[in-house]
A.B. asks: 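Structure provided below as structure tokens; questions to follow.
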Amino acid sequence: MTEKILVAPSILSGDFAEMGEAVRKLEEWGGDYVHCDVMDGMYVTNITFGMPMIAALRKRTALPLDVHLMITEPERYVEKFIEAGADIVTFHPEASKNPAEVLKTIRAKGVKAGIVFNPDVDIEKYAELFPLCDMITVMTVYAGRGGQSLIPWCIDRIKLVKDILSEKGLDIPVEADGGIGESNANLVKEAGATVLVAGNSVYKSSDPKKTVASLKA
Ligand code: DX5
Ligand code: ZN
């Protein structure tokens with residue numbers, strides 16, 4: 001493992017009354033991206049936050065805002081999230097009527113674009129979208145809430161994405177999201193993920209700085 005590992009703490013596990021502080025802390029702990037989980041109560045049951053939160057966080061940090069849209073028809077909102085200050089916008093392709101167009105729209109605005117695969121989504125069906133992506137995210141839990149346990153068979157899906165990328169001659173990062181902590185980070189790294197989302201394992205750690213360092217090691 002020679003590739004640099006980036007850690008993207010999910011502010012979903014932070015204190016919602018202290019979001020500025022949640023971002024300040026993750027900077028102090030060595031986080032690389034601020035992972036922002038947007039849920040709309042339709043694509044997933046939960047509702048979290050929208051563009052105003054992204055705009056508010058934008059004023060608090062220079063770190064890239066990695067905005068994970070768990071929303072139905074993301075085409076309705078991607079431009080608004082970019083205007084709010086997102087640096088990376090990812091969405092679930094099966095939630096969109098035209099994922100290729102959404103990826104192109106995001107990139108045309110100079111922002112990084114990516115798709116996210118829930119455990120029950122056929123990755124190969126969307127492989128033709130990979131050349132339009134700057135990052136591919138593999139969920140290691142079912143999207144919808146923080147603090148779940150990693151699903152072991154999703155590790156093979158990271159390998160599948162890596163295989164498809166190498167077949168296509170594409171060198172773009174793979175992000176893994178859900179249930180990742182010090183005890184299983186090696187599995188996702190060995191499978192080829194280089195961006196690790198971590199919510200509870202970082203925010204609920206007794207020593208978050210050490211946890212972030214260990215996830216990167
Ligand atoms: C799940 C979210 C994840 C999650 C990560 O729907 O996409 O980003 O909050 O949190 P942990 O690491 O606690 O699973
Ligand atoms: Zn996420």
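Note that the numbering runs from 1 along the sequence shown for the chain. Just follow the structure's listing: the first ligand is 1, and inside any ligand the first atom is 1.
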A.B. asks: Would you call Glu101 and Lys104 a salt bridge, using N to O less than 4.0 angstrom?
C.D. replies: yes
A.B. asks: Indicate yes or no: does an N/O atom of Gly147 lie under 3.5 Å from an N/O atom of ligand 1?
C.D. replies: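 Between Gly147 and ligand 1, an N or O pair is found under 3.5 Å apart.
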A.B. asks: Quick one: closest heavy-atom pair of Pro93 and Phe117, and the distance?
C.D. replies: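 Distance-wise, the nearest heavy atoms are CG-CE2, 4.1 Å.
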A.B. asks: Using atom types as modelled and distance alone, determine if a side-chain donor or acceptor of Thr72 lies under 3.5 Å from a backbone N or O of Ala95.
C.D. replies: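 Answer holds: no.
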A.B. asks: If we only count N/O pairs under 3.5 Å, is Gly199 in contact with ligand 1?
C.D. replies: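 Yes.
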A.B. asks: Ignoring hydrogens and angles, tell me if any N or O in the side chain of Gln148 forms a donor-acceptor pair with the backbone of Gly178 under 3.5 Å.
C.D. replies: no
A.B. asks: With heavy-atom distances below 4.0 Å as the criterion, list the atoms of ligand 1 near Met39.
C.D. replies: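 Those qualifying, in numeric order: 6 (O).
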A.B. asks: Using distance alone, decide if ligand 1 has a nitrogen or oxygen within less than 3.5 Å of any nitrogen or oxygen in Ala198.
C.D. replies: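 Not met; the criterion fails.
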A.B. asks: Closer than 4.0 Å to some heavy atom of Ala143 - which atoms of ligand 1 meet that?
C.D. replies: 6 (O)
A.B. asks: Heavy-atom count check: over 12 atoms from other residues, nucleotides or ligands less than 6.0 Å from Lys125 NZ?
C.D. replies: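 12 or below, so no.
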A.B. asks: With distance as the sole criterion, is a donor-acceptor pair present between the side chains of His68 and Asp66 under 3.5 Å?
C.D. replies: no
A.B. asks: Membership question, hydrophobic clusters at under 4.5 Å side-chain separation (ILVMFWY): are Leu132 and Val89 in the same one?
C.D. replies: yes
A.B. asks: Looking at Met139, which atoms of ligand 1 are within less than 4.0 Å of one of its heavy atoms?
C.D. replies: 7 (O)
A.B. asks: Going by the atom numbers of ligand 1, which of them fall below 4.0 Å from some non-hydrogen atom of Ser10?
C.D. replies: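 With Ser10 as reference, the close atoms of ligand 1 come out as 9 (O).
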A.B. asks: Tell me, yes or no, whether the heavy-atom count around Tyr77 atom OH, taken from other residues, nucleotides or ligands under 6.0 Å, exceeds 12.
C.D. replies: no
A.B. asks: Under 4.0 Å from a heavy atom of His35: give me the atoms of ligand 1 that qualify, with their elements.
C.D. replies: 8 (O)
A.B. asks: If you have a sec, work out which protein heavy atom is nearest atom 1 (C) of ligand 1 and how many Å separate them, to one decimal?
C.D. replies: Arg145 O, 3.5 Å
A.B. asks: Are the side chain of Arg107 and the backbone N or O of Cys133 linked by a donor-acceptor pair below 3.5 Å?
C.D. replies: yes
A.B. asks: Counting from 1, what ligand 1 atoms have a heavy atom of Val197 closer than 4.0 Å?
C.D. replies: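 Those qualifying, in numeric order: 8 (O).
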A.B. asks: Nearest protein heavy-atom contact for atom 6 (O) of ligand 1: which residue, which atom, what distance?
C.D. replies: Gly144 N, 2.7 Å
A.B. asks: To the nearest 0.1 Å, how far is atom 2 (C) of ligand 1 from its closest protein heavy atom, and which atom is that?
C.D. replies: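 Residue, atom and distance for the closest contact: Asp37 OD1, 3.4 Å.
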A.B. asks: For the metal site, I want the angle between atom OD2 of Asp177 and atom NE2 of His35 with the Zn ion (ligand 2) at the apex, to 10°.
C.D. replies: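 OD2 of Asp177, the Zn ion (ligand 2) and NE2 of His35 span an angle of about 100°.
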A.B. asks: Under 3.5 Å, N or O to N or O, is Asp177 touching ligand 1 that way?
C.D. replies: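 Yes; the residue has a nitrogen or oxygen that sits under 3.5 Å from a nitrogen or oxygen of the ligand.
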A.B. asks: Is there at least one pair of N or O atoms, one from Gly179 and one from ligand 1, spaced under 3.5 Å apart?
C.D. replies: yes
A.B. asks: At less than 4.0 angstrom from any non-hydrogen atom of Met70, what atoms of ligand 1 do you find?
C.D. replies: 6 (O), 7 (O)
A.B. asks: Would you call Ser201 a ligand 1 contact, heavy-atom distance under 4.0 Å?
C.D. replies: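 Contact check Ser201 vs ligand 1: negative.
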A.B. asks: Pick from Val111, Ile88, Thr90: which one makes a side chain to side chain contact (heavy atoms under 4.5 Å, CB included) with Ile106?
C.D. replies: Val111
A.B. asks: Does a salt bridge link Glu83 with Lys80, judged by any charged N lying under 4.0 Å from a carboxylate O?
C.D. replies: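 No salt bridge links Glu83 with Lys80.
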A.B. asks: Under a 4.0 angstrom heavy-atom cut-off, which atoms of ligand 1 come close to Leu12?
C.D. replies: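 The list of qualifying atoms is 9 (O).
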A.B. asks: What angle, in degrees and rounded to 10°, do you get at the Zn ion (ligand 2) when you join it to ND1 of His68 and to OD1 of Asp37?
C.D. replies: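 Computed angle, vertex at the Zn ion (ligand 2), rounded to 10 degrees: 90°.
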A.B. asks: Could you tell me whether Glu28 and Lys209 have a side-chain N and a carboxylate O separated by less than 4.0 Å?
C.D. replies: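 Salt bridge absent between Glu28 and Lys209.
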